[in-house]
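Single-structure report; data block below.
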Amino acid sequence: LTYFSHIFTIETNLLQRAMGDVEVSERRRIERSFSSFKIIPIKDDNDTLHSEGTDFSPVDDGVVVDEKKDTDVVKEIDSLLPITESTKGNAYTAAFHLLSSSIGTPALVLPFAFTSLGWSWGIVVLTLIFAWRLYTMWLLVHLHETVNGTRYSRYLQLAIVAFGEKLGKCLSIFPTMYLSGGTCVMSIIAGGRTLQVFYNTICENDQHCLHKSLSGAQWFLVFVCLAILIAQFFPNLNSLAWVSFLGSILGVTYFTMLWALSIAKGRPNGVTYNPSDNVTTTMAQFRAVLNGVAIVAIAFRGHNLVLEIQGTLPTNPKHPTKTRMWRGVIASYSFVAICVFPLAIGGYWAYGNMMPANGIMGAIAKYHQESTPKWLIGTIYMMAVIQCLCSFQIYAMPVLDNLERIYVSRHLKVCPRWVRSFIKLFFGGLTYFISVAFPFLGSLAAFVGGISLPFSLVYPCFMWISIKKPQRNSLMYCLNMFLGCLGILISVVQVAGALWSLVVDKLDANFFNPW
């Protein structure tokens with residue numbers, strides 16, 4: 001917290017000073033106008049009094065100059081950082097960024113959530129969470145830019161404006177770090193393991209080939225090296241448009257292939273759909289339901305990148321960014337729904353309560369490995385690896401932006417190429433170390449995801465109330481207050497349920513031993 005507070009202290013103070021308060025600014029304007037009007041007695045033949053017109057004092061001029069200078073400094077710093085360095089994006093690039101960051105390996109476990117929720121409640125919970133996240137994304141899109149043109153291109157900036165500097169940092173720094181850097185670590189773990197599964201699939205039953213396989217830490221290293229090599233060619237977020245386009249296409253393709261292949265292969269013998277078949281006691285069933293809701297809640301992602309992606313769009317008073325950004329959100333979430341809902345429903349139909357805990361990809365390997373062509377399975381695995389590489393680039397950008405801010409704030413110039421390369425290598429090494437040291441982070445996803453859940457479902461609702469100040473008891477006030485309070489309750493219950501599951505199932509903390 002101290003580290004990230006140091007990073008943002010300079011620009012936060014500048015932002016607050018540059019933006020000012022509307023009330024204070026108006027009061028200063030009135031005071032200046034009255035204080036500058038003076039009645040000066042001048043003796044003449046008629047002994048009349050003459051007034052001297054407005055004359056602004058040097059102190060008042062200094063205040064205006066300082067505010068303008070601070071605003072210019074903030075704009076200059078923003079123009080040198082990776083997220084806002086280029087503002088040449090459009091609705092298409094925004095849609096690609098959002099789609100590539102929203103589709104990921106957590107959604108592959110959705111059919112397993114249905115084993116504890118069942119058909120009806122599974123579909124209801126999935127639909128409600130999807131609609132809730134879409135609504136909070138609408139809130140963020142409309143909070144990005146104010147009427148006077150001030151833009152908040154980082155989630156932390158908006159949180160500070162809404163909740164104050166101390167509370168805003170306290171509430172948003174950890175979720176920002178986890179949802180950015182933590183997602184990169186999870187991409188390394190998922191990508192490295194998929195690379196090994198791909199290698200084993202190619203080798204098949206050749207023991208000599210299997211004996212030459214790399215270790216888990218080495219597969220992680222291969223993935224990180226590929227990710228950092230790709231990152232060297234893309235200096236800012238807008239330049240990643242083609243990477244996001246590739247990740248979007250491959251993500252939609254392999255998700256579709258997974259649920260289509262599962263339905264085409266038919267159901268294995270002994271498939272059932274009764275949630276109570278997998279549990280023996282009422283408490284175990286309740287714990288399974290909490291686990292299922294947690295899986296659905298963390299299956300969707302990308303809220304920590306909405307403001308950053310919107311920051312790549314150009315703006316002017318007549319055409320604010322919210323119109324184009326919302327078009328991109330609708331397009332991307334339409335494809336997310338096309339991928340996620342058939343995968344969850346089709347995967348549960350195909351495997352029922354026989355669905356393994358590692359999701360639909362594990363189910364295909366378990367039940368259809370022998371009857372599926374090797375090239376088809378290998379293609380799915382390689383698409384998943386490339387999609388992880390693409391999403392790694394997007395989620396790494398907020399962290400790289402924070403690290404570059406240290407250099408830019410001190411020197412007020414863009415980072416040289418060698419500095420950016422060093423920062424990316426440092427970040428890659430750090431994420432690699434964490435992935436090797438804590439390869440069991442996937443088991444903690446429900447717990448940490450519960451802590452970060454308010455970041456997506458709660459904070460945007462309270463931000464809207466704090467910044468827009470809707471009339472009390474109005475529809476928007478009541479809706480956002482209700483959703484915010486409900487989100488807090490769900491987060492607390494999810495964290496408690498995750499801790500309960502970790503205690504009962506006994507976490508296998510295999511430090512420095514990927515597998």
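FYI, the numbering just counts along the sequence from 1.
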Short side-chain to backbone donor-acceptor contact, [X] and [Y], under 3.5 Å:
| X | Y | answer |
| --- | --- | --- |
| Tyr367 | Met354 | yes |
| Ser491 | Gly450 | yes |
| Ser466 | Phe462 | no |
| Thr253 | Ile249 | yes |
| Ser101 | Gly302 | no |
| Gln494 | Val293 | no |
| Tyr199 | Leu210 | no |
| Ser180 | Met177 | no |
| Thr115 | Pro111 | no |
| Lys265 | His368 | no |

Minimum heavy-atom separation for [X] and [Y], please, with both atom names.
| X | Y | value |
| --- | --- | --- |
| Leu80 | Arg420 | O-NH2, 3.7 Å |
| Gln232 | Arg417 | O-NH2, 3.7 Å |
| Thr105 | Ala190 | CG2-CB, 4.0 Å |
| Ser172 | Leu156 | OG-CD1, 2.9 Å |
| Asn200 | Ser213 | OD1-OG, 4.2 Å |
| Trp259 | Pro342 | CE2-CB, 3.6 Å |

Take atom [atom1] in [X]; do more than 12 heavy atoms of anything else shown fall under 6.0 Å from it?
| X | atom1 | result |
| --- | --- | --- |
| Phe233 | CZ | no |
| Trp121 | CH2 | no |
| Tyr135 | OH | yes |

Suppose we call two aromatic rings close when their centres sit under 6.0 Å apart. Are [X] and [Y] close by that rule?
| X | Y | answer |
| --- | --- | --- |
| Phe300 | Phe130 | yes |
| Trp242 | Phe245 | yes |
| Tyr273 | Tyr348 | yes |

For residues Asn304 and Thr176, is any side-chain donor paired with an opposing acceptor at under 3.5 Å? no
Distance alone, cut at 3.5 Å: any donor-acceptor contact between the side chains of Tyr333 and Ser102? no
Is there a side-chain contact between [X] and [Y] in this structure, where contact means two heavy atoms from C-beta onward sitting under 4.5 Å apart?
| X | Y | value |
| --- | --- | --- |
| Met397 | Leu305 | no |
| Arg301 | Leu179 | no |
| Leu139 | Asn480 | yes |
| Lys424 | Leu400 | yes |
| Leu143 | Tyr152 | no |
| Arg193 | Asn358 | no |
| Glu308 | Leu237 | yes |

Roughly how far, to the nearest 0.5 Å, is the [atom2] atom of [Y] from the [atom1] atom of [X]?
| X | Y | atom1 | atom2 | answer |
| --- | --- | --- | --- | --- |
| Leu258 | Ile364 | CG | CD1 | 4.5 Å |
| Met383 | Phe255 | CE | CZ | 13.0 Å |
| Ile129 | Ile295 | CD1 | CD1 | 13.0 Å |
| Leu240 | Thr312 | CG | OG1 | 10.0 Å |
| Cys184 | Ile394 | SG | CD1 | 10.0 Å |
| Leu307 | Met325 | CG | CE | 8.0 Å |

What is the ring orientation for [X] with [Y], classed by angle as parallel under 30°, tilted 30 to 60°, or perpendicular over 60°?
| X | Y | value |
| --- | --- | --- |
| Phe455 | Tyr155 | parallel |
| Phe440 | Phe438 | perpendicular |
| Phe392 | Phe427 | tilted |

May I have the step-by-step check of side chain to side chain contact (heavy atoms under 4.5 Å, CB included) for Ile263 and Trp349, ending in yes or no? CA-CA 8 Å; Ile263 293 176; Trp349 177 88; 4.1 Å; yes
Lys/Arg N to Asp/Glu carboxylate O, Asp78 vs Arg151, below 4.0 Å: no
Test log, rule side chain to side chain contact (heavy atoms under 4.5 Å, CB included), inputs Leu502 and Leu444: CA-CA 8 Å; Leu502 290 174; Leu444 300 175; 3.7 Å; yes
Under the criterion side chain to side chain contact (heavy atoms under 4.5 Å, CB included), I'd like the reasoning laid out for Val414 against Tyr407: C-alpha separation, chi angles, the key distance, then a yes or no. CA-CA 8 Å; Val414 68; Tyr407 181 92; over 6 Å; no
Between Thr136 and Leu140, is the side chain to side chain contact (heavy atoms under 4.5 Å, CB included) condition met? List the steps. CA-CA 6 Å; Thr136 53; Leu140 291 175; 5.7 Å; no
